Amino acid sequence: MRLLVVRLSALGDAAILEPVLRQRAAANPDVLFLVAGPPRIEPLFRGMDNVQYIPTERRQKPRQLYRSLSAYKPDMVADMHHVLRVIGMDWFFRLHGVRVHYIHKHTSKGVPSWQRYDRVFDRCGLKGSVSAQDYWQPRVGGEGKRIVGVAPFAQHQGKIWPLDKMERLVEMLSQKGYRVALFGSRDEAGVLEQWAGRYEGVDSLAGRFSFEEELERIGALDVMVSMDSANMHFASCKGVPVVSIWGATHPCRGFYGWRQNPDWAVQKDMDCRPCSKYGNKPCKKGNYPCMQTIEPQEVMERIERVLSV
């Protein structure tokens, strides 16, 4: 069988799909998984014999999507995105006799995203339903100093811890003798390079490597510190424990990292949280107290708790 798996945008959501698909591919060697997604994340899906990645163009209309993806002659479609343009594409596939199964987003509140993906594969009749399994653990032993990754940025303000607090955390990590690797985009490199210049043992990787090379460096970490962002999910794909910092959003909404221990999430209980599923709504109190009240020492203690496991 040739199964077309569609997840066209949102890097974090596509990264959540990777471990689920990897286990399904291993359990179903007779199925060819045709994965359509953003060109950037293709390295995530390498190393699987029965997976073919299809980089897709942005903003394709439904008919264009159908025409480009139908050329791969899928026998079935697993729609892991289910937005309007993909729903339109689904209609064309059905019109031509191809069965489509899609993710149920709005009837699965609180269900982890990875589990919603897994249920689509169940409806496709695949073997090997996925379980959460054990939580990721840091590496034991090894030579040299422990390496802590820090990814301070996110797409929306409601998911970003104040940068002065994050810089203080980086300073504390440096003073305690940890190696620190800073992750971000080229647009964010200026801030991160300043931090790297101020503190010993701190290196900025922002904008210096390809995504594949960056993934390799994430895989070498002992722990990652991130927001509710794609970096949490990239680290999860690489089996790296994550200390995540949450503000406007909340892990209970289904976007927590794959196999990450809930105790590793740093957050404050407030009546107004979560105020947004995606962190894109303005704060009703004006200053995001959910983030402002989290102190660097709290995050530092959580990091050291993870590393002492």
Side-chain angles (χ1 to χ4, degrees), residues 12 15-16 19 112 114 131-154 159-184 192 195-196 198-205 214-247 249-252 255-269 290-309:
I16 295 171
W114 67 264
S131 66
Q133 301 182 0
D134 297 328
Y135 301 134
W136 296 125
Q137 300 295 328
R139 294 175 299 174
V140 177
E143 299 179 357
K145 298 178 179 179
R146 290 294 186 92
I147 308 174
V148 180
V150 174
F153 297 99
K159 300 199 291 186
I160 300 176
W161 196 34
L163 291 183
D164 61 327
K165 292 179 181 288
M166 184 61 88
E167 183 180 358
R168 174 58 183 148
L169 177 67
V170 170
E171 182 182 14
M172 293 168 66
L173 288 166
S174 172
Q175 291 172 345
K176 285 179 174 282
Y178 292 103
R179 290 174 57 194
V180 181
L182 304 175
F183 293 85
L192 302 184
W195 294 359
R198 290 175 188 149
Y199 308 112
E200 184 178 351
V202 178
D203 188 24
S204 171
L205 309 185
E214 198 168 276
L215 282 175
E216 290 178 4
R217 283 158 176 79
I218 289 175
L221 300 175
D222 291 290
V223 64
M224 168 70 88
V225 179
S226 83
M227 308 298 100
D228 171 16
S229 68
N231 281 291
M232 172 174 61
H233 302 298
F234 297 150
S236 299
C237 289
K238 290 296 185 179
V240 175
V242 177
V243 172
S244 51
I245 303 172
W246 298 74
T249 58
H250 197 286
C252 73
F255 296 104
Y256 197 51
W258 162 255
R259 292 179 64 181
Q260 298 295 339
N261 189 326
D263 291 341
W264 299 340
V266 182
Q267 55 187 328
K268 294 291 186 180
D269 290 330
C290 54
M291 283 295 198
Q292 294 287 350
T293 52
I294 295 173
E295 296 300 331
Q297 185 59 38
E298 297 176 68
V299 182
M300 187 73 219
E301 290 172 358
R302 200 68 54 91
I303 293 168
E304 298 201 305
R305 186 191 310 172
V306 173
L307 293 176
S308 67
V309 172

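Values below: all heavy atoms of this structure, side chains included; hydrogens, waters and symmetry mates excluded. Just so we're clear, the structure is a prediction, and the values are computed from it rather than from any experiment.
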A.B. asks: Does one side chain, of Glu167 or Tyr199, offer a donor that lies under 3.5 Å from an acceptor on the other?
C.D. replies: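 Distance-only check passes for Glu167 and Tyr199.
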A.B. asks: More than 12 heavy atoms of other residues, nucleotides or ligands under 6.0 Å from CZ of Arg179: is that the case?
C.D. replies: no
A.B. asks: Once you round to the nearest 0.5 Å, how far does CD1 of Ile147 lie from OH of Tyr178?
C.D. replies: 12.5 Å
A.B. asks: Is there a side-chain contact (heavy atoms from CB on, under 4.5 Å) between Gln267 and Ile245? Walk through the geometry before answering.
C.D. replies: CA-CA 6 Å; Gln267 55 187 328; Ile245 303 172; over 6 Å; no
A.B. asks: State, yes or no, whether a side-chain contact exists between Asn231 and Phe153 at a heavy-atom distance under 4.5 Å.
C.D. replies: no
A.B. asks: Does atom CG of Asp164 have more than 12 heavy-atom neighbours, drawn from other residues, nucleotides or ligands, at distances under 6.0 Å?
C.D. replies: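 Yes - once you tally the heavy atoms of other residues, nucleotides and ligands closer than 6.0 Å, there are more than 12.
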A.B. asks: Identify the heavy atoms of Pro138 and Arg146 that sit nearest to each other, and give their distance.
C.D. replies: CB-NH1, 4.5 Å
A.B. asks: Looking at CG of Asp228 and NZ of Lys159, how far apart are the two atoms once the value is rounded to the nearest 0.5 Å?
C.D. replies: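 It is 4.0 Å, given to the nearest 0.5 Å.
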A.B. asks: Can you tell whether the side chains of Glu171 and Arg168 come within less than 4.0 Å, N to carboxylate O?
C.D. replies: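 Looking at Arg168 together with Glu171, the answer is yes, because their closest N to O distance falls below 4.0 Å.
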A.B. asks: Determine whether a donor-acceptor pair (N or O, by modelled atom type, separation under 3.5 Å) exists between the side chain of Arg302 and the backbone of Ser244.
C.D. replies: no
A.B. asks: Which residues pass the salt bridge (Lys or Arg N to Asp or Glu O under 4.0 Å) test with Glu216, sequence neighbours left out?
C.D. replies: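 Here no residue qualifies.
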A.B. asks: Check whether any side-chain heavy atom of Val223 lies under 4.5 Å from a side-chain heavy atom of Val242, and answer yes or no.
C.D. replies: no
A.B. asks: Using the rule given for side-chain contact (heavy atoms from CB on, under 4.5 Å), can you reason through Met224 versus Ile218, listing the C-alpha separation, both sets of side-chain angles and the distance that settles it, and then say yes or no?
C.D. replies: CA-CA 8 Å; Met224 168 70 88; Ile218 289 175; 4.1 Å; yes
A.B. asks: At what distance, to the nearest 0.5 angstrom, does CZ of Arg259 lie from CG of Asp134?
C.D. replies: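 These two atoms lie 6.5 Å from each other.
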A.B. asks: How long is the gap from SG on Cys290 to NZ on Lys268, to the nearest 0.5 Å?
C.D. replies: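 So the gap between those two atoms works out to 11.5 Å.
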A.B. asks: Considering only heavy atoms from C-beta outward, does the side chain of Lys165 approach that of Ile294 to under 4.5 Å?
C.D. replies: no
A.B. asks: Between Leu182 and Ala196, what is the shortest heavy-atom contact and its length?
C.D. replies: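 Looking at all heavy atoms of both residues, the shortest contact is CD1-N, 4.3 Å.
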A.B. asks: Are any non-hydrogen side-chain atoms of Trp246 and Tyr256 less than 4.5 angstrom apart?
C.D. replies: yes
A.B. asks: In terms of ring plane angle, is the pair Trp114 and Trp258 parallel, tilted or perpendicular, where the classes change at 30° and 60°?
C.D. replies: perpendicular
A.B. asks: Quick one: does Leu169's side chain get under 4.5 Å of Ile303's, heavy atoms only?
C.D. replies: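 Contact flag for Leu169/Ile303 side chains = yes.
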A.B. asks: Can you tell me how far NZ of Lys176 sits from CD of Glu304, rounded to the nearest 0.5 angstrom?
C.D. replies: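 That separation rounds to 4.0 Å.
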A.B. asks: One pair to check against side-chain contact (heavy atoms from CB on, under 4.5 Å): Asp203 and Trp195. What are the steps and the verdict?
C.D. replies: CA-CA 8 Å; Asp203 188 24; Trp195 294 359; over 6 Å; no
A.B. asks: Keeping the roles fixed (side chain from Glu301, backbone from Glu298), state whether a donor-acceptor pair exists under 3.5 Å.
C.D. replies: no
A.B. asks: Would you say that Asn261 contacts Pro241 through its side chain, given a criterion of any heavy-atom pair below 4.5 Å between the two side chains?
C.D. replies: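 No, their side chains stay 4.5 Å or more apart.
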A.B. asks: Can you tell me how far CZ of Phe234 sits from OG of Ser229, rounded to the nearest 0.5 angstrom?
C.D. replies: 8.5 Å
A.B. asks: Evaluate Val299 against Trp161 for side-chain contact (heavy atoms from CB on, under 4.5 Å), listing each step before the verdict.
C.D. replies: CA-CA 11 Å; Val299 182; Trp161 196 34; 3.7 Å; yes
A.B. asks: Taking side chain as C-beta onward, heavy atoms only, is Leu173 less than 4.5 Å from Val150?
C.D. replies: yes
A.B. asks: Report yes if some heavy atom in the side chain of Lys238 is under 4.5 Å from a heavy atom in the side chain of Trp136; otherwise report no.
C.D. replies: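 Side chain of Lys238 against side chain of Trp136, heavy atoms only: no contact under 4.5 Å found.
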A.B. asks: Heavy atoms only: give me the nearest Ser174-Val202 pair and the separation to one decimal.
C.D. replies: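 Closest approach of Ser174 to Val202, heavy atoms only: CB-CG2, 4.2 Å.
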A.B. asks: Once salt bridge (Lys or Arg N to Asp or Glu O under 4.0 Å) is applied, do any residues pair with Glu200, and if so which ones, sequence neighbours excluded?
C.D. replies: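 Per chain and number, Glu200 pairs via salt bridge (Lys or Arg N to Asp or Glu O under 4.0 Å) with no residue.
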A.B. asks: Can you name the closest pair of heavy atoms from Leu192 and Ser204 and give their distance?
C.D. replies: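 Taking Leu192 first and Ser204 second, the nearest heavy atoms are CB-OG, 3.5 Å.
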A.B. asks: With no hydrogens and no angle check, do the side chains of Ser236 and Gln260 hold a donor and an acceptor under 3.5 Å apart?
C.D. replies: yes
A.B. asks: Mind listing the closest non-hydrogen atom pair of Met232 and Ser226 along with its distance?
C.D. replies: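 Minimum heavy-atom contact is CB-OG, 3.4 Å.
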